[in-house]
Asks: 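Let me begin by handing over the structure; questions about it come next.
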Amino acid sequence: MKISDLLYNNKPSISFEVFPPKTDTSFESVKHATEEIAKLQPAFMSVTYGAGGGTSKYTLDIARNIHDEIHVPTLAHLTCVSSSKETIHKRIEEFRNANIKNIMALRGDLTPELMNSDRNTWDYRYAVDLIHELKEYHDEFCIGGACYPEVHPESSSFEEDIQHLKEKVDAGCSFLTSQMFFENDLFYKFVYRCRTAGINVPIIPGIMPITSASQVEKSISLSGSYMPTRLKNIVNKFGNSPEAMKQAGINYATEQIIDIYANGFNHVHVYSMNKPDVAKAILNNISNMLG
Ligand code: FAD
């Protein structure tokens, strides 16, 4: 099932992101956690590529397991910047052979090593280069792209970032998924700017439940997202009590999701961080709202 076919449904729906294991030894526990999340029957699941501490070699295994065993549509992420064309085409063929129809085409972050290397020697400089190549598979894949409601950290302006985003959509992205944000108004303003710039594909809001105090610093430093005072106060008050913080974080994410639905967006992607209990609690909180 192509994700683009799910996104025009006018009833609220939810999907979850998981990440692959870091090592062989954690493979079974990650597989189990991702299966538990898939059993909640979200609209689809995405599996990151190397991000969140996992390694790229397991993306296919986890995505294939969710797709084949639990029958949940799967979106496999693929980053290109540190790879050769040969490796990328090998990965695409593997996804193709596993009947994975949805690929999130990403550049990937620039490591210090890449930053110091000669960019003319890279096979891929931007996500758009990968999107062009995926389009050579004659619409076999539904292609997604990343977007940044608070601007990508490397961009010098919103205008420049949105112009490059439009290039990705024009190259063949059928939908965009956003970086996490904790203040919904920032997302709504961003979508308005995209529409004004002629970006008309569905834009899926990405929601990260903050369920521990230690997660705050990591999430904010990775994403550069603005942290509203309301969320800061929650962390200050409950950060030292793991169960209370988890409950408060789930409720904060739930409120964001309800507000998003109420504002006319019917699909939300939740960064579940491989935590079935968090995914389940959020789903329970909104169960009567889903289509
Ligand atoms: P691009 O779209 O290539 O953009 C990167 C920067 O280059 C932006 O500033 C953009 O404005 C600029 N740019 C684009 N085109 C041009 C051009 N032609 N000329 C000049 N500038 C240009 N990382 C992982 O490693 N694995 C994952 O699985 C993963 N999943 C993600 C999922 C989502 C939803 C998001 C939001 C991010 C994810 N990331 C992942 C992180 C992502 O790889 C980084 O944010 C990365 O720095 C940018 O990737 P991109 O695909 O957005 O890049």
Side-chain angles (χ1 to χ4, degrees), residues 3 15-22 34 44-60 62-63 74-83 88 91 95 100 102-112 114-115 119-120 122-134 143-181 186-187 190 193-194 197 199 201-208 218-219 221-225 267-274:
I3 284 165
S15 52
F16 293 114
E17 178 171 294
V18 293
F19 53 81
K22 279 184 202 164
T34 58
F44 70 88
M45 299 229 336
S46 69
V47 185
T48 64
Y49 192 80
T55 68
S56 53
K57 70 175 178 163
Y58 293 120
T59 299
L60 175 68
I62 296 293
T74 311
L75 167 66
H77 291 202
L78 182 61
T79 66
C80 60
V81 73
S82 54
S83 298
I88 289 293
R91 291 279 177 264
F95 289 145
I100 288 168
N102 306 290
I103 297 185
M104 185 71 166
L106 297 148
R107 185 196 68 178
D109 280 324
L110 299 181
T111 57
L114 276 168
M115 296 278 254
R119 293 182 185 215
N120 292 317
W122 300 358
D123 281 357
Y124 301 91
R125 292 179 72 158
Y126 300 108
V128 71
D129 303 330
L130 175 58
I131 296 163
H132 283 301
E133 288 190 5
L134 285 166
I143 307 167
C147 63
Y148 303 83
E150 296 172 66
V151 182
H152 185 271
E154 287 164 39
S155 285
S156 55
S157 70
F158 241 124
E159 288 68 27
E160 184 194 301
D161 207 24
I162 288 188
Q163 182 200 322
H164 294 311
L165 188 59
K166 181 152 186 335
E167 286 161 11
K168 291 203 283 196
V169 173
D170 291 345
C173 280
S174 300
F175 67 94
L176 300 167
T177 306
S178 87
Q179 179 61 283
M180 68 185 82
F181 56 87
L186 295 171
F187 176 74
F190 168 73
R193 283 182 141 150
C194 289
I199 297 172
V201 295
I203 302 177
I204 304 177
I207 296 296
M208 169 73 87
K218 206 171 161 199
S219 301
S221 74
L222 275 175
S223 66
S225 306
H267 192 83
V268 175
H269 195 53
V270 173
Y271 299 117
S272 75
M273 303 297 288
N274 294 5

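For clarity, every value in this text was computed on a predicted model and none was experimentally measured. FYI, side chains are in, hydrogens and waters are out, and symmetry mates aren't considered; it's all heavy atoms of this structure. Start at 1 and go down the list; that is how both ligands and their atoms are numbered.
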Asks: Contact between ligand 1 and Gly50 is defined here as a heavy atom of the residue under 4.0 Å from a ligand atom; is it met?
Replies: no

Asks: Kindly confirm or rule out a cation-pi arrangement of Arg107 over Tyr124, judged by NZ or CZ under 6.0 Å from the six-membered ring centre and within 45° of its axis?
Replies: no

Asks: Got an N/O contact under 3.5 Å between Tyr49 and ligand 1?
Replies: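 Min N/O separation from ligand 1 is below 3.5 Å for Tyr49.
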
Asks: Mind checking whether Met45 and Ser15 have side chains closer than 4.5 Å, heavy atoms only?
Replies: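 SC-SC contact between Met45 and Ser15 ruled out.
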
Asks: What residues form a side-chain contact (heavy atoms from CB on, under 4.5 Å) with Cys147, not counting sequence neighbours?
Replies: Leu165, Leu176, Ser178, Phe190, Ile203

Asks: When you measure from the side chain of Ser272 to the backbone N and O of Phe16, does any donor-acceptor pair fall under 3.5 Å?
Replies: no

Asks: With respect to Arg107, determine whether any N or O atom, backbone or side chain, lies less than 3.5 Å from an N or O atom of ligand 1.
Replies: yes

Asks: Select the closest option to atom 13 (N) of ligand 1 among Phe158, Tyr126, Tyr271, judged by heavy-atom distance.
Replies: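 It is Tyr126 whose heavy atom sits nearest to atom 13 (N) of ligand 1.
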
Asks: Please say whether Glu154 places an N or O atom under 3.5 Å from an N or O atom belonging to ligand 1.
Replies: no

Asks: So if I count the atoms of ligand 1 from 1 in the order they appear, which ones are less than 4.0 Å from some heavy atom of Gly108?
Replies: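 So the answer, numbered in order with elements, is 43 (O), 46 (C), 47 (O), 49 (O).
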
Asks: Test your reading of the structure: does Leu106 have an N or O sitting under 3.5 Å from an N or O of ligand 1?
Replies: no

Asks: Under 3.5 Å between some N or O of ligand 1 and some N or O of Gln179?
Replies: no

Asks: Among Leu78, Thr79, Val81, which one puts a heavy atom closest to atom 24 (C) of ligand 1?
Replies: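 The nearest heavy atom belongs to Thr79.
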
Asks: Please verify whether a non-hydrogen atom of Tyr148 lies at under 4.0 Å from ligand 1.
Replies: yes

Asks: Give the atoms of ligand 1, by number and element, whose distance to some non-hydrogen atom of Glu167 is under 4.0 Å.
Replies: 18 (N)

Asks: Any idea which heavy atoms bring Leu134 and Ala105 closest together, and the distance?
Replies: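 What the structure gives for the nearest pair is CD1-CB, 3.9 Å.
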
Asks: Spell out, as yes or no, whether a donor-acceptor pair under 3.5 Å connects the side chain of Asn274 to the backbone of Phe19.
Replies: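 Yes, because the side chain of Asn274 sits within donor-acceptor range (under 3.5 Å) of the backbone of Phe19.
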
Asks: Let's go through Phe44 and His269 carefully: what are the C-alpha distance in whole Å and the side-chain angles of both, what is the deciding distance for ring pair (Phe, Tyr, Trp, His ring centres under 6.0 Å) to 0.1 Å, and is it a yes or a no?
Replies: CA-CA 9 Å; Phe44 70 88; His269 195 53; 5.3 Å; yes

Asks: Checking contacts here: is it the side chain or the backbone of Arg125 that comes within 4.0 Å of ligand 1, counting heavy atoms only? Could be both or neither.
Replies: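 Under 4.0 Å from ligand 1, Arg125 contributes no heavy atoms.
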
Asks: Looking only at non-hydrogen atoms, find the nearest pair between Leu106 and His77 and report the distance.
Replies: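 Reported closest heavy-atom pair: CD1-ND1, 3.7 Å.
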
Asks: With backbone taken as N, CA, C and O and side chain as the heavy atoms from C-beta onward, which portion of His269 lies under 4.0 Å from ligand 1: side chain, backbone, both, or neither?
Replies: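 Neither part.
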
Asks: Does any N or O of ligand 1 fall below 3.5 Å from an N or O anywhere on Glu160, backbone included?
Replies: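 So ligand 1 has no N or O lying under 3.5 Å from an N or O of Glu160.
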
Asks: Answer yes or no: does an N/O atom from Ala127 fall short of 3.5 Å to an N/O atom of ligand 1?
Replies: yes

Asks: With respect to atom 46 (C) of ligand 1, which of Asp109, Leu75, Ile204 exhibits the smallest heavy-atom separation?
Replies: Asp109

Asks: Once rounded to the nearest 0.5 Å, what's the spacing between atom CE of Met208 and atom CE of Met273?
Replies: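 Between atom CE of Met208 and atom CE of Met273 there are 4.5 Å.
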
Asks: Which is closest to atom 6 (C) of ligand 1 by heavy-atom distance: His77, His152, Met104, Glu17?
Replies: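 Residue with the shortest heavy-atom distance to the ligand atom: His152.
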
Asks: Can an N or O of Thr48 be found at a distance shorter than 3.5 Å from an N or O of ligand 1?
Replies: no

Asks: How long is the straight-line distance from OG of Ser46 back to CE of Met104, given to the nearest 0.5 Å?
Replies: 7.5 Å

Asks: When you measure from the side chain of Ser155 to the backbone of Ser157, do you find a donor-acceptor pair of N or O atoms at a distance under 3.5 Å?
Replies: no

Asks: Out of all atoms in ligand 1, which are within 4.0 Å of some heavy atom of Asp161? Include the element for each.
Replies: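 Numbered from 1, ligand 1 contributes 8 (C), 9 (O), 10 (C), 11 (O).
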
Asks: What salt bridge (Lys or Arg N to Asp or Glu O under 4.0 Å) pairs are there with at least one residue in residues 155-175, not counting sequence neighbours?
Replies: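 Only Lys166-Asp170 qualify under salt bridge (Lys or Arg N to Asp or Glu O under 4.0 Å).
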
Asks: Thr177 to ligand 1: N or O pair under 3.5 Å?
Replies: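 Not met; the criterion fails.
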
